[in-house]
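All values below come from the heavy atoms of this structure, side chains included, with hydrogens, waters and symmetry mates left out. Labels below follow one simple rule: chain letters A, B, ... track the order of the sequence lines, proteins then strands, and each chain is numbered from 1. Please read all numbers here as calculations on a predicted model, not as lab measurements.
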Number of protein chains: 2
Amino acid sequence: MTVALNKTDKATQILNGALQEFLAHGYAGTSMDRVATTAGVSKPTVYNHFQDKEGLFRALVQKIARERFQIKFNSETFGDAPAESLPRLLALMVDTIADDDDYQNFVRLVIGESGRFPELARTFVTYLSKPGLELMQDYLEQHAEFSDADSQALAQIIIGSVVYMCLTQYILHGRDIMPLSKERYIETMIGLMLKSPRTDVAHQS
Amino acid sequence: MTVALNKTDKATQILNGALQEFLAHGYAGTSMDRVATTAGVSKPTVYNHFQDKEGLFRALVQKIARERFQIKFNSETFGDAPAESLPRLLALMVDTIADDDDYQNFVRLVIGESGRFPELARTFVTYLSKPGLELMQDYLEQHAEFSDADSQALAQIIIGSVVYMCLTQYILHGRDIMPLSKERYIETMIGLMLKSPRTDVAHQS
DNA sequence: GTCTATATCTAGATAGAC
DNA sequence: GTCTATCTAGATATAGAC
């Protein structure tokens with residue numbers, strides 16, 4: 001009766017322990033001993049639920065990418081004039097990353113292992129990068145100001161600048177070396193986005 | 001007489017072996033045994049030149065960041081009209097990253113270890129990210145079209161979009177999931193950059 | 001300075017009791 | 001299904017000969 005419940009609990013327990021350990025020590029730096037201890041179970045129990053270390057790691061990363069770090073908001077939250085809503089959207093994206101140590105460590109882990117676990121990197125792109133991109137793309141397409149642009153490419157450029165900022169400032173600890181405040185970044189980005197639509201200056205009118 | 005020479009050779013030999021191993025297997029996944037074998041020396045020789053595994057890793061990353069992956073060109077190479085020179089500069093940056101597997105693995109390694117070796121991440125920012133940023137900033141400041149912008153923030157936005165593209169497409173293997181060709185990216189970026197300078201649209205004129 | 005050989009420990013994974 | 005106890009391999013690091 002409580003069997004199914006207990007089984008689920010143990011699996012969740014193990015995944016929670018594994019998450020802590022892998023986030024803190026990386027894939028190769030994590031031992032199954034410590035996973036078991038942190039999860040509060042014995043090592044054979046871990047191996048009873050997951051085939052081996054690789055299997056546990058794969059299951060963990062896929063679960064976390066699909067469930068825990070999913071985007072919680074959508075583009076309709078940001079419906080009004082871009083001069084106001086775009087700064088809000090960008091600030092929310094920066095803050096969401098900057099305030100979440102677990103997410104930063106998850107990014108470190110996935111990028112660090114992306115050479116040895118390419119399919120996990122693709123899971124990350126599918127469930128985290130792409131939805132973020134689509135959110136931005138939807139936003140752009142809902143605003144007439146940007147209708148003449150390649151919204152997919154433009155969305156990648158905007159998201160890219162947000163992510164790079166978080167990468168250098170927080171993940172790579174570069175705040176003192178390459179300082180850039182959120183405010184300055186956003187103001188400059190808005191300036192770029194809200195210039196007059198092009199009159200074919202790009203093709204030397 | 002040949003002592004100094006030999007010592008240098010051995011140290012270089014060890015660093016070369018260590019580079020291969022760390023790039024392929026990460027920090028924790030690399031064994032000193034394999035470093036020694038790949039370098040063609042014995043293990044005690046490795047320990048004779050470097051205090052321990054951490055010391056070797058730190059020396060290696062710092063050397064590689066300072067020497068091997070330094071930017072080889074400067075902004076004066078791109079002196080003419082932005083409509084032509086900016087696409088060339090962006091394409092060169094993308095290609096430089098896309099064609100260099102070692103560099104991609106170095107990025108994976110540094111980001112992956114940035115939580116446990118923050119000072120190495122800062123070395124990376126200092127010797128690789130920042131010079132790239134300054135190259136772009138110099139370029140922007142040499143062109144009157146961009147003189148009214150915050151060139152440092154703008155440079156981070158541009159570099160950020162380049163790096164993010166390389167990160168998702170190549171490092172995270174996302175080409176099939178979030179496709180974006182170099183040409184489409186560059187064309188869109190140029191379109192953004194070469195719009196008419198703002199006439200205060202941003203503040204709802 | 002460099003090697004062979006080794007000490008010591010901890011890793012991933014499992015056998016077998018319950 | 002879960003545990004205690006254990007196997008085996010491979011890890012970091014070094015002692016001691018040359």
Side-chain angles (χ1 to χ4, degrees), chain A residues 1-63 109 112-113 115-117 120, chain B residues 1-63 109 112-113 115-117 120:
Chain A
M1 324 153 170
T2 57
V3 175
L5 186 69
N6 281 337
K7 187 182 173 183
T8 306
D9 278 347
K10 281 278 156 88
T12 305
Q13 229 175 300
I14 294 168
L15 285 168
N16 283 338
L19 178 60
Q20 269 188 253
E21 292 300 319
F22 281 125
L23 286 187
H25 306 108
Y27 174 72
T30 292
S31 78
M32 295 297 266
D33 257 302
R34 298 183 52 151
V35 168
T37 303
T38 303
V41 301
S42 72
K43 214 166 17 159
T45 302
V46 176
Y47 280 95
N48 202 3
H49 285 264
F50 301 92
Q51 197 177 25
D52 54 14
K53 191 182 178 183
E54 273 197 31
L56 172 60
F57 185 61
R58 281 185 227 275
L60 175 71
V61 172
Q62 300 214 3
K63 180 189 155 82
L109 183 64
E113 297 301 332
R116 291 172 292 273
F117 293 91
L120 294 186
Chain B
M1 316 131 190
T2 57
V3 175
L5 186 69
N6 281 337
K7 188 184 172 182
T8 306
D9 279 347
K10 282 277 156 88
T12 306
Q13 228 175 299
I14 294 168
L15 285 168
N16 284 337
L19 179 60
Q20 270 188 253
E21 293 299 320
F22 282 125
L23 286 187
H25 307 107
Y27 175 73
T30 292
S31 79
M32 295 297 264
D33 256 304
R34 298 183 53 149
V35 168
T37 303
T38 303
V41 301
S42 72
K43 222 177 352 172
T45 301
V46 175
Y47 280 95
N48 201 4
H49 286 263
F50 301 92
Q51 198 177 23
D52 55 14
K53 191 182 177 182
E54 273 197 32
L56 172 60
F57 185 60
R58 281 185 227 274
L60 175 71
V61 171
Q62 301 214 4
K63 179 190 155 82
L109 183 64
E113 297 301 332
R116 291 172 292 273
F117 294 92
L120 295 185

- Within a strict 4.5 Å, meaning less than it, do heavy atoms of the A:Thr12 and A:Asn16 side chains meet? yes

- Task: Can you sort out which residues in residues 14-25 of chain A have a heavy atom within less than 4.0 Å of DNA chain D? Ascending by number, please.
- Result: none

- Item | B:Asp9 CG - C:dG1 P separation (whole Å) | 13 Å

- Nucleotide-resolved protein contact map, nucleotides 3-15 of chain D, B/S/- at heavy-atom distance under 4.0 Å: BB------SBBBB

- Query: Taking atom P of C:dG1 as reference, at what distance in whole Å does atom CD of B:Gln13 sit?
  - Reply: 15 Å

- pair A:His49-A:Val41: side-chain heavy atoms closer than 4.5 Å: no

- Query: Out of curiosity, B:Leu109 CG to B:Leu19 CG, how far, rounded to the nearest 0.5 Å?
  - Reply: 9.0 Å

- Note on the structure: To the nearest 0.5 Å, atom CD of B:Glu113 lies from atom CZ of B:Phe57 at 5.0 Å

- Would you name the heavy atoms of B:Thr30 and B:His25 that are closest together and state the gap between them? OG1-CB, 3.7 Å

- A:Phe22 versus A:Lys53, closest heavy-atom pair with distance: CE2-CE, 4.3 Å

- For B:Arg116, look at atom CZ and say whether over 12 heavy atoms of other residues, nucleotides or ligands are found less than 6.0 Å away. yes

- Can you find a side-chain donor-acceptor pair between A:Gln20 and A:Thr38 that sits under 3.5 Å? no

